[in-house]
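As the structure is a prediction and not an experimental result, all values here were calculated from the model. Start at 1 with the first residue, then count along the sequence.
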Amino acid sequence: MAKPADLDDTIRALLADPQWQGHPLYQALDGLYGLYCDHTEQLERMTRISDRYQKAEHDRGMSYAARHEQQMKRLERLLRISDRYQQSLQQLNEELRQQSEQDELTGLYNRRYMQARLRDELARQQRGGRPFCVVLGDVDHFKRINDAAGHEAGDLVLQRVADLLLSRLRQTDCCARWGGEEFLLLLPVTKAAEADVLVRNIMQKMAGMHITGMPDGTVLSMSFGIAQSDSSAVSNVESLIALADAAMYAAKNAGRNQLFHAD
């Protein structure tokens, strides 16, 4: 558990950082922290008043044992109040952290988190680790789905796709909503042939999905591109993603509902 001083520093840093000022939870954190500071000041004032009261009791001949017991009870009450505010601040801090890593609609990791994971995975490989694969997938004819069935149906499609992808992945794999209707899979310690088997299984499962609100006869599909991290064309995360992206668009140009490997 963080010390109060460390937690105060963390909260003040979050509130001072311009990138969080438009966040939905920013105002809540700012207000709660202000309330916490006000209550802390009140608690300190109460403690000073209590000290003066103690002296008055002493002057009236109050026994040391009685005064000590009374002060301990006051302190216990103050600590309980302080603990509740500390817990509230910690909860808000955790929610902010999750919001910075998760896509709100699908619950998957977001692009920012995945980019950090990819950098870590590429660094691991460069230290002598085994290669890995990335898979970039795009929902076919997504604009047509939105136009025909509405944005609510489109959102439901993205959520169902996210659920399907997660259900087929291993515990060590990672899935993110890359943007719009694009999804990115990170498959550690995996070669392209193994990734191919996984993706084809996903494509098969997707063909049998029924989405509420979709026009009759609609068959959901995705186009995928696979890139392996030890390719000679890979020098950094951006070049690895570019390979997967080029393969995915080649799959779309070939008629969609296809899987292509990077050259």
Side-chain angles (χ1 to χ4, degrees), residues 2 6 9-10 13-14 16-23 25-26 93-139 158 161-199 202 222-252 259-263:
D6 296 337
D9 290 342
T10 300
L14 282 170
D17 192 337
Q19 71 169 321
W20 296 114
Q21 292 182 6
H23 195 280
L25 289 176
Y26 179 88
N93 189 45
E94 177 62 19
E95 289 178 4
L96 283 171
R97 184 193 65 78
Q98 291 179 357
Q99 288 285 341
S100 72
E101 296 179 351
Q102 285 187 328
D103 172 63
E104 184 177 0
L105 176 64
T106 63
L108 298 177
Y109 289 116
N110 59 21
R111 188 186 188 107
R112 177 182 178 181
Y113 175 85
M114 181 61 90
Q115 286 175 325
R117 276 292 307 271
L118 288 170
R119 286 193 293 269
D120 291 344
E121 196 65 24
L122 194 58
R124 180 198 60 78
Q125 180 196 310
Q126 292 169 347
R127 292 193 299 269
R130 292 175 59 189
F132 62 95
C133 279
V134 295
V135 180
L136 191 60
D138 185 88
V139 179
L158 296 178
V161 167
D163 291 342
L164 173 61
L165 295 175
L166 285 177
S167 72
R168 312 314 296 175
L169 297 184
R170 303 166 301 184
Q171 190 172 5
T172 54
D173 299 333
C174 185
C175 181
R177 185 181 179 193
W178 194 242
E181 63 271 24
E182 287 187 347
F183 296 83
L184 186 70
L185 308 181
L186 166 61
L187 310 177
V189 194
T190 303
K191 293 186 177 180
E194 298 170 305
D196 187 289
V197 174
L198 170 66
V199 175
I202 290 172
M222 292 180 69
S223 299
F224 291 95
I226 295 176
Q228 190 167 309
S229 62
D230 59 351
S231 167
S232 59
V234 174
S235 58
N236 51 34
V237 168
E238 290 71 24
S239 58
L240 176 61
I241 297 301
L243 285 178
D245 187 66
M248 183 191 74
Y249 275 97
K252 283 194 171 292
L259 164 62
F260 273 47
H261 291 242
D263 296 332

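Here the shortest heavy-atom pairing between Ser167 and Leu164 reads OG-O, 2.6 Å. The shortest non-hydrogen separation linking Ala247 to Gly225 is CB-CA, 3.7 Å. Contact record, Leu158 with Gly180: CD1-O, 4.0 Å, taken as the closest heavy-atom pair. When every heavy atom of Leu243 is checked against every heavy atom of Ala227, the shortest pair comes out as CB-CB, 3.8 Å.
Within the 4.5 Å cutoff, the side chain of Cys174 has heavy atoms near those of the Tyr113 side chain. Between Met222 and Glu181 the shortest side-chain heavy-atom distance does not fall below 4.5 Å. The side-chain heavy atoms of Leu198 and Leu169, taken from C-beta on, include a pair separated by under 4.5 Å. For the pair Val189/Thr172, no side-chain contact is recorded, criterion being any heavy-atom separation below 4.5 Å from C-beta on. In this structure, Asn110 and Trp178 have side chains that are not in contact, with every pair of non-hydrogen atoms separated by 4.5 Å or more.
Taking CG from Leu122 and CZ from Arg117, the interatomic distance works out to 13.0 Å, rounded to the nearest 0.5 Å. Leu165 CG to Phe183 CZ: the interatomic distance, rounded to the nearest 0.5 Å, is 6.5 Å. The structure places CG of Leu186 at 12.5 Å from CD of Gln115, a figure rounded to the nearest 0.5 Å. Residue Arg177 holds its CZ atom at 12.0 Å from CZ of Arg111, rounded to the nearest 0.5 Å. To the nearest 0.5 Å, atom OG of residue Ser231 and atom NE2 of residue His261 are 13.0 Å apart. Atom-to-atom distance recorded for Gln126:CD and Asp230:CG is 11.5 Å, nearest 0.5 angstrom.
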Next item on the list: Evaluate side-chain contact (heavy atoms from CB on, under 4.5 Å) for Phe260 paired with Ile226, printing each intermediate quantity in order.
Entry: CA-CA 6 Å; Phe260 273 47; Ile226 295 176; over 6 Å; no

Next item on the list: Report the C-alpha distance between Phe224 and Leu136 in whole Å, list the side-chain angles of each, state the deciding distance to 0.1 Å, and finish with yes or no for side-chain contact (heavy atoms from CB on, under 4.5 Å).
Entry: CA-CA 6 Å; Phe224 291 95; Leu136 191 60; over 6 Å; no

Margin query: Using side-chain contact (heavy atoms from CB on, under 4.5 Å), reason through Leu185 and Ile202 one step at a time and then give a plain yes or no.
Written below: CA-CA 12 Å; Leu185 308 181; Ile202 290 172; 4.3 Å; yes

Notebook entry, point to check: So Leu184 and Leu118, side-chain contact (heavy atoms from CB on, under 4.5 Å) or not? Walk me through it.
Noted result: CA-CA 11 Å; Leu184 186 70; Leu118 288 170; 3.8 Å; yes

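One N or O on the side chain of Ser229 and one on the backbone of Phe132 form a donor-acceptor pair closer than 3.5 Å. In this structure, Gln228 contributes its side chain and Ala192 its backbone to a donor-acceptor pair below 3.5 Å.
Listed by chain and residue number, Arg200 satisfy the salt bridge (Lys or Arg N to Asp or Glu O under 4.0 Å) test with Asp196 (two or more places apart in sequence, or in another chain). Here Asp245 pairs with nothing under the salt bridge (Lys or Arg N to Asp or Glu O under 4.0 Å) rule; sequence neighbours left out. In this view, Arg168 satisfies the salt bridge (Lys or Arg N to Asp or Glu O under 4.0 Å) rule with no residue, not counting sequence neighbours.
Using a 4.0 Å cut-off between charged side-chain N and carboxylate O, Arg124 and Glu121 make a salt bridge. Salt bridge annotation for Arg170-Asp173: present, with a cationic side-chain nitrogen under 4.0 angstrom from a carboxylate oxygen.
Around NZ of Lys252, the count of heavy atoms belonging to other residues, nucleotides or ligands within 6.0 Å exceeds 12.
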